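Counting starts at 1 for both ligands and their atoms, in listed order. On a predicted model such as this, the values are computed, not experimentally measured, just so you know. When a residue number appears, it is its place in the shown sequence, counting from 1.
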Amino acid sequence: MTALPEKRFPSTTSSADRPLTLRGVVEADLPELHRLDKEAFPEEPYHYFELRQAYDVHADRILVLDDGESLHGYVLFVTTSDGYVNWIKSLAITHDLRGRGLGRRLMLEVLRRLRAEGVHQVRLTVEPTNAAAITLYRSLGFDFEGGVHKHYFGPGEDRMIMTLGL
Ligand SMILES: CC(C)(COP(=O)(O)OP(=O)(O)OC[C@H]1O[C@@H](n2cnc3c(N)ncnc32)[C@H](O)[C@@H]1OP(=O)(O)O)[C@@H](O)C(=O)NCCC(=O)NCCS
């Protein structure tokens with residue numbers, strides 16, 4: 001498939017000081033994407049087949065941060081069939097590059113694209129204890145929808161739902 005337009009951020013480099021590129025995922029990224037996802041979500045990573053299927057169904061909805069040798073972040077976002085609502089399904093930055101504005105960078109790019117597409121609302125779920133993610137989403141304007149949604153992802157898997165109107 002054709003990669004989405006590239007964006008380069010020369011001031012933001014990988015741990016090996018290589019410049020990072022924000023681009024659309026390509027098929028060859030899948031093993032790296034799987035590694036990155038396992039690093040970010042060690043307790044409940046996606047299975048490889050789930051990433052494969054996500055790629056097959058909506059590759060244009062996966063953006064990655066690439067230093068030319070490895071991936072350092074990704075976001076997966078999917079719009080409902082009516083075109084009005086988008087769910088941020090996953091967002092991750094490798095440990096070594098957290099706190100440098102990359103998560104915000106990915107989210108801002110997603111929100112820019114969704115505004116251009118006329119999406120009305122962005123939704124996501126987050127663990128109630130995930131302070132870094134909640135602070136990031138709050139700073140982007142997301143609000144909580146209700147309190148803790150008990151067992152949202154099954155027994156013991158509570159989540160907060162956050163929403164942003166575009
Ligand atoms: C959540 C995550 C994507 C944030 O990415 P990041 O690149 O480190 O975040 P940024 O550097 O862009 O930070 C953006 C804002 O988030 C908040 N933030 C980031 N890390 C934080 C932390 N450890 N504690 C509190 N707030 C934090 C800050 O408001 C920050 O803005 P500021 O730097 O202007 O103060 C990253 O921590 C991660 O991959 N975590 C593991 C996977 C995960 O939990 N994903 C989210 C699932 S819902």
- To the nearest 0.5 Å, atom CZ of Arg123 lies from atom CG of Asn86 at 11.0 Å
- Item | Pairwise distance CD1(Ile88) to CG(Leu111) - rounded to 0.5 angstrom | 6.5 Å
Which residue and atom name correspond to the protein heavy atom nearest [atom], and how close is it?
{"atom": "atom 7 (O) of ligand 1", "answer": "Gly103 N, 2.8 Å"}
{"atom": "atom 14 (C) of ligand 1", "answer": "Leu136 CD1, 3.5 Å"}
{"atom": "atom 40 (N) of ligand 1", "answer": "Arg98 CZ, 3.6 Å"}
{"atom": "atom 29 (O) of ligand 1", "answer": "Thr135 CG2, 3.2 Å"}
{"atom": "atom 8 (O) of ligand 1", "answer": "Gly99 N, 2.8 Å"}
{"atom": "atom 45 (N) of ligand 1", "answer": "Leu91 O, 2.8 Å"}
{"atom": "atom 20 (N) of ligand 1", "answer": "Ala132 CB, 3.6 Å"}
{"atom": "atom 35 (O) of ligand 1", "answer": "Arg104 NH2, 4.7 Å"}

- Which hydrophobic side chains are connected to Phe153, either touching it within the sub-4.5 Å cutoff or through other members that do? Tyr84, Val85, Trp87, Tyr152, Ile161
- Query: Would you call Leu76 and Tyr46 a side-chain contact if the rule is heavy atoms closer than 4.5 Å?
  - Reply: yes
- Test item: Thr79 and His58 side chains (from C-beta on) under 4.5 Å apart, heavy atoms: no
- Residue pair Arg35 / Ser70, side-chain donor-acceptor N/O under 3.5 Å: no
- Message: Using salt bridge (charged side-chain N to carboxylate O under 4.0 Å, His left out), reason through Asp29 and Arg23 one step at a time and then give a plain yes or no.
- Response: CA-CA 11 Å; Asp29 291 325; Arg23 62 168 174 80; 2.7 Å; yes
- Residue pairs passing the salt bridge (Lys or Arg N to Asp or Glu O under 4.0 Å) test with at least one member in residues 71-89, sequence neighbours excluded, are none
N or O contact, [X] vs ligand 1, cut-off under 3.5 Å:
{"X": "Gly101", "answer": "yes"}
{"X": "Phe41", "answer": "no"}
{"X": "Ser139", "answer": "no"}

- Against heavy atoms of Ala92, which atoms of ligand 1 measure under 4.0 Å? 39 (O)
- Task: Determine whether the side chain, the backbone, both or neither of Arg100 has a heavy atom under 4.0 Å from any heavy atom of ligand 1.
- Result: backbone
- Within reach of ligand 1, part of Tyr137 (heavy-atom separation under 4.0 Å): side chain
- Heavy-atom pair with the smallest gap, counting every atom of Val126 and Ala133: CG2-CB, 3.8 Å
- Could you tell me which non-hydrogen atom of Glu39 sits nearest to which non-hydrogen atom of Thr94, and how far apart they are? OE2-CA, 3.3 Å
- Please check atom 5 (O) of ligand 1 for a protein heavy-atom neighbour under 4.0 Å. yes
- Assess Thr125 for proximity to ligand 1: is some non-hydrogen atom of it under 4.0 Å away? yes
